[in-house]
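Report on the structure given below.
Bear in mind that the values here come from a model prediction, so they are computed numbers and not experimental data.
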Amino acid sequence: MTDIDHLRQWIGREEVRSELLTPAAAERFNATFGLAGGTQDGDIAPLLIHLCLAPAVVSTQELGPDGHPARGGFLPPVPLPRRMWAGGAFAFHDDIRIGETVTRHSEIRDVSLKQGRGGPLCFVVVRHRIESDGRLVLTERQDIVYREADRPGATKKALPPAPHGAHRIEIVPSAPLLFRYSALTFNGHRIHYDAPYTRKEEGYPGLIVHGPMQATMLAQLAADIMGRRPASFEFRSLSPLFDNANFTLNATEEEGRLTLWTSYADGPVAMTAQAE
């Protein structure tokens with residue numbers, strides 16, 4: 001039973017975390033994504049690198065068997081076992097530059113309980129203000145959803161295959177790529193790097209491709225197409241991607257607005273996004 005009145009007491013809770021963006025951190029980020037941007041002090045930092053800065057830090061002894069930190073702390077202690085980044089939005093105001101101190105001001109804005117087809121869903125909305133050396137560089141909304149574990153043998157509704165975008169890039173979700181992104185974000189969740197655990201304990205067919213990594217790739221694709229960072233970027237996760245097949249980044253442009261999505265070559269849309 002999820003006590004929503006208790007969980008809603010977390011609304012308004014705040015947290016502030018900071019980290020210096022070093023040339024070494026930017027170099028590792030670019031190497032992970034195959035980017036060629038500058039990595040010296042004063043260079044414009046790659047898009048969405050802030051997701052890799054100032055992560056929550058707990059000791060290894062405080063991690064659960066799935067590699068996640070124990071429930072509670074800044075986020076409410078939702079008792080449902082599965083947690084995922086369901087979506088979010090970014091409004092970009094300025095560039096982060098390498099050599100600056102990046103500060104994230106976070107606030108829990110809402111906690112709500114809904115009933116899905118597979119059981120209860122608990123949604124937590126977090127608002128972030130990101131500053132770089134005191135300048136507001138972006139505002140972010142993060143949508144987190146908690147749900148029950150999939151029932152053994154449960155069948156899922158078949159989704160139609162995604163279309164091919166006018167812009168289309170194939171990505172190999174290799175184990176080193178997923179491991180590197182977990183390392184960049186200090187994410188200990190085993191579903192991204194421990195294949196035996198992921199298959200045996202979680203019941204998935206392979207390692208799960210990070211939602212934030214997909215969002216980062218789509219935002220970078222939008223910036224490449226537009227020739228500049230977008231003013232806004234919003235995304236939503238619809239279905240998971242695993243490392244057992246390559247996936248694609250897609251984009252279609254219309255009147256200065258980009259619709260983007262990820263999918264397997266002949267699979268359904270996994271993440272959809274809009275950039276302006």
* To do: Taking all non-hydrogen atoms of both residues into account, name the closest pair between Glu234 and Ala89 and its distance.
  => CG-CB, 3.9 Å

* Asked: For Glu107 and His128, does a side-chain donor sit closer than 3.5 Å to a side-chain acceptor?
  -> no

* Asked: Any donor and acceptor pair, going by atom type alone, linking the side chain of Arg104 with main-chain N or O of Ala54 inside 3.5 Å?
  -> yes

* Between Thr103 and Val16, does a side-chain contact (heavy atoms from CB on, under 4.5 Å) hold up when you go through it step by step? -> CA-CA 7 Å; Thr103 301; Val16 179; 3.6 Å; yes

* To do: Evaluate the side-chain contact (heavy atoms from CB on, under 4.5 Å) criterion for residues Arg141 and Val125: first the C-alpha distance (whole Å), next the side-chain angles of each, then the deciding distance (0.1 Å), finally the verdict.
  => CA-CA 7 Å; Arg141 188 195 77 242; Val125 179; 3.8 Å; yes

* When rounded to the nearest 0.5 angstrom, what distance separates CD1 in Ile49 from CD1 in Ile44? -> 13.0 Å

* Structure fact -> For residues 169-193, the salt bridge (charged side-chain N to carboxylate O under 4.0 Å, His left out) pairs (sequence neighbours left out) are Arg190-Asp194

* His192 side chain reached by Ile208 side chain, heavy atoms, under 4.5 Å -> yes

* Report the distance from atom CD1 of Ile191 to atom CG of Asp66, rounding to the nearest 0.5 Å. => 8.0 Å

* Hey, does Ile171 have a side-chain heavy atom less than 4.5 Å from the side chain of Asn246? -> no

* **side-chain contact (heavy atoms from CB on, under 4.5 Å) assessment of Leu53 paired with Phe29** => CA-CA 11 Å; Leu53 300 176; Phe29 185 93; over 6 Å; no

* Asked: Does any N or O in the side chain of Trp261 come within less than 3.5 Å of the main-chain N or O of Pro268, such that one atom is a donor and the other an acceptor?
  -> no

* To do: State, to 0.1 Å, how close Ala251 and Ile225 come at their nearest heavy-atom pair, and which atoms those are.
  => CB-CD1, 3.6 Å

* Measure across Val126 and Leu75 and return the closest heavy-atom pair with its distance rounded to 0.1 Å. => CG2-CD2, 4.0 Å

* Under 3.5 Å, side chain of Asp243 to main-chain N/O of Pro173, donor-acceptor pair present? -> no

* What do you reckon, are the aromatic ring centroids of His189 and Tyr197 less than 6.0 Å apart? -> no

* Transitive ILVMFWY side-chain link Tyr146 to Val111, under 4.5 Å -> yes

* Asked: Hey, any chance Phe242 and Val269 share a hydrophobic cluster, counting ILVMFWY side chains that come within less than 4.5 Å of each other, even indirectly?
  -> no

* Side chain proximity check, Ile96 to His50, heavy atoms < 4.5 angstrom -> yes

* Nearest-0.5 Å distance, CZ of residue Phe90 to CD of residue Glu140 -> 4.0 Å

* **Joint cluster assignment, Leu249 & Phe233, ILVMFWY side-chain distance < 4.5 Å** => yes

* To do: Supply the atom-to-atom distance Leu218 CG to Met213 CE, rounded to the nearest 0.5 angstrom.
  => 11.0 Å

* Just by modelled atom types, is the Pro176 backbone N or O under 3.5 Å from a matching donor or acceptor in the Tyr193 side chain? -> no

* Is the closest side-chain heavy-atom distance between Arg199 and Pro205 below 4.5 Å? -> no

* Asked: Yes or no on salt bridge (Lys or Arg N to Asp or Glu O under 4.0 Å) for Glu131 and Arg129, after CA distance, side-chain angles and deciding distance?
  -> CA-CA 7 Å; Glu131 297 176 352; Arg129 280 176 50 91; 3.3 Å; yes

* Ignoring hydrogens and geometry, is there a side-chain-to-backbone donor-acceptor pair from Thr272 to Leu238 under 3.5 Å? -> no

* Side chain to side chain, Leu258 and Gln274, heavy atoms closer than 4.5 Å -> no

* **Phe92 with Val102, same ILVMFWY side-chain cluster at under 4.5 Å** => yes

* Is there a donor-acceptor pair closer than 3.5 Å between any side-chain N or O of Thr248 and the backbone N or O of Ser263? -> yes

* Taking every non-hydrogen atom, the tightest pair across Leu21 and Ala26 -> CD1-N, 4.3 Å

* In Å, rounded to the nearest 0.5 Å, how long is the span from CG of Asn250 to CG of Leu260? -> 8.5 Å

* Asked: Any side-chain heavy atom of Pro120 sitting closer than 4.5 Å to one from Leu80?
  -> yes

* Between Thr185 and Cys52, which heavy-atom pair has the shortest distance, and what is it? -> CG2-SG, 3.8 Å

* **Crowding at CZ, Arg82 (>12 non-hydrogen neighbours, <6.0 Å)** => yes

* Give me the ring orientation class for Tyr181 and Phe33: parallel if the planes are under 30° apart, tilted from 30 to 60°, perpendicular past 60°. => perpendicular

* **Intermediate values then yes/no, side-chain contact (heavy atoms from CB on, under 4.5 Å), Phe186 and Val57** => CA-CA 8 Å; Phe186 203 59; Val57 177; 4.2 Å; yes

* When you measure from the side chain of Arg147 to the backbone N and O of Cys122, does any donor-acceptor pair fall under 3.5 Å? -> no

* Residue pairs, two or more places apart or on separate chains, that pass side chain to side chain donor-acceptor pair (under 3.5 Å) and touch residues 83-102 -> His93-Thr139, Asp94-Arg135, Asp95-Arg229, Glu100-Ser132, Glu100-Arg135

* Would you find a donor on one side and an acceptor on the other, under 3.5 Å apart, between the side chain of Asp43 and the backbone of Gln40? -> yes

* Drop me the distance from Thr22's OG1 to Asp41's CG, to the nearest 0.5 angstrom. => 8.5 Å

* Asked: Within a strict 4.5 Å, meaning less than it, do heavy atoms of the Leu47 and Thr216 side chains meet?
  -> no

* Quick one: does Thr198's side chain have a donor or acceptor within less than 3.5 Å of a partner on Leu207's backbone? -> no

* Asked: More than 12 non-hydrogen atoms from neighbouring residues, nucleotides or ligands closer than 6.0 Å to CZ on Phe179, yes or no?
  -> no

* Any link between Ile4 and Phe123 through a network of hydrophobic side chains (Ile, Leu, Val, Met, Phe, Trp, Tyr) touching at under 4.5 Å? -> no

* To do: Examine the side chains of Glu254 and Thr259 and answer whether a donor and an acceptor come within less than 3.5 Å of each other.
  => no

* Asked: What's the shortest heavy-atom distance between Ile108 and Pro76, and which atoms?
  -> CD1-CD, 4.4 Å

* Asked: Would you say the side chain of Gln214 lies within less than 4.5 Å of the side chain of Leu241, judging by non-hydrogen atoms?
  -> yes

